[in-house]
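Take this structure first; my questions come after.
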Amino acid sequence: MPPVTDLVVFALALAAAGVVSGLLAGIFGIGGGAILVPVFYQVFGYLDVPEAVRMHLSVGTSIAIIVPTSLRSFTAHRKRGAVDMDLLKGWIVALPLGAILASVIAAMISSVGLRLIFVVISLGVAARMLFDQPHWRLGKDLPPNPWKWIAGVIIGTLSGLMGIGGGVLNNTFMTMYGRPIHQAVATSSGVGVLISIPGIFGYIWAGWGDPGLPPLSTGFINWIAVALIIPIALVVTPYGVKMAHAMSKRHLEMGFGIFLLFVGARFLYSIYA
């Protein structure tokens, strides 16, 4: 066990991550998992959590934190009338189904496999945001069912495997079909709610009884990290919402792309370092 002073330093690092994740939840309609997963991975490694379960624990703990931050972000965005409620109603089964599939896959996949998924999706979406062109569109409006429903399952599955709330993928999906970035961001907050709630139970099941888990963990969720970060994230999320509605479409896309590029590069380094 590290010295108490070192634990205090890492507790402060987690608190800082809570501030950043809360702002991101408001600005981009995400649950903050894209920043929390890398932070958790480093902290759990310092606390000697075995490599075999470290990434799984990071993803599961992130999913648990996404529930309240997404709810807070969704409530704030909905008050502004920016959420596409019809899309969310159409995905009320698809997204949770994807989250459940993700937990099943997570129970079988290796730590390196989870990190590679994180890297590929992060870098792909970052490229899309940074080099976006007006002609890069799949259509003028969202596709009809069953394609839209299938997209919901895919978004739920990949987001569950990354430990994120779905905003990363839903923002891309909606904007590729001509929806405004502000509407995509607002709707993504609701996507995070539908993914994270079933995701909690899935990651508890996937890691139940694993001998490598640290104290106060239930399955692949560590409640110490959850209890420390959630209050901070909830306080700062509304400020992120205000920032989102004050920023231009291109500024949102550029900021989002740079952020994802950094996160993807960080995990790529962790695999080959």
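Both backbone and side-chain heavy atoms feed into the values below; hydrogens, waters and symmetry mates do not.
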Inter- and intrachain pairs under salt bridge (Lys or Arg N to Asp or Glu O under 4.0 Å), touching residues 93-114, at least two apart: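 Every pair satisfying salt bridge (Lys or Arg N to Asp or Glu O under 4.0 Å) with a residue in residues 93-114: there are none.
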With Arg72 via side chain to side chain donor-acceptor pair (under 3.5 Å) - residues at least two apart: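 Partners of Arg72 under the side chain to side chain donor-acceptor pair (under 3.5 Å) test: none.
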Closest approach of Thr61 to Ala225 (non-hydrogen atoms, all atoms of both residues):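 It is CG2-CB, 3.8 Å.
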Those residues that, when tested against Leu158, pass side chain to side chain contact (heavy atoms under 4.5 Å, CB included) (two or more places apart):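 Applying side chain to side chain contact (heavy atoms under 4.5 Å, CB included) to Leu158 gives Ile121, Ile154, Leu169.
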Pairs satisfying side-chain hydrogen bond (donor to acceptor under 3.5 Å, both in side chains), at least one member in residues 194-213, at least two apart: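 Qualifying pairs, neighbours excluded: none.
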Inter- and intrachain pairs under salt bridge (Lys or Arg N to Asp or Glu O under 4.0 Å), touching residues 92-115, at least two apart: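 Only Glu51-Arg115 qualify under salt bridge (Lys or Arg N to Asp or Glu O under 4.0 Å).
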All side chain to side chain donor-acceptor pair (under 3.5 Å) counterparts of Asp141, not counting sequence neighbours: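 Expected list: Arg179.
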Mind listing the side-chain donor-acceptor pairs of residues 91-108 below 3.5 Å, one per line with the distance, residues two or more places apart or on another chain?
from, atom 1, to, atom 2, distance (Å)
Trp91, NE1, Lys148, O, 2.7
Ser103, OG, Ile100, O, 2.7

Which residues share a side chain to side chain contact (heavy atoms under 4.5 Å, CB included) with Ile232, sequence neighbours left out: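 Ile232: side chain to side chain contact (heavy atoms under 4.5 Å, CB included) contacts with Ala15, Val19.
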Contacts of type side chain to side chain contact (heavy atoms under 4.5 Å, CB included), residue Pro214, not counting sequence neighbours: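 Listed in chain order: Val49, Leu57, Ser217, Asn222.
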Partner set under side chain to side chain donor-acceptor pair (under 3.5 Å) for Thr75, not counting sequence neighbours: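 Listed in chain order: nothing, the list is empty.
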Ser122 and Met162, any side-chain heavy atoms less than 4.5 Å apart: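 In short, these two side chains touch, coming nearer than 4.5 Å.
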Pairs satisfying salt bridge (Lys or Arg N to Asp or Glu O under 4.0 Å), at least one member in residues 85-97, at least two apart: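 Matches after skipping sequence neighbours: none remain.
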ring-ring contact (aromatic ring centres under 6.0 Å, His included) contacts in which one or both residues fall within residues 53-75, not counting sequence neighbours: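 Output for this query lists His56-Phe220.
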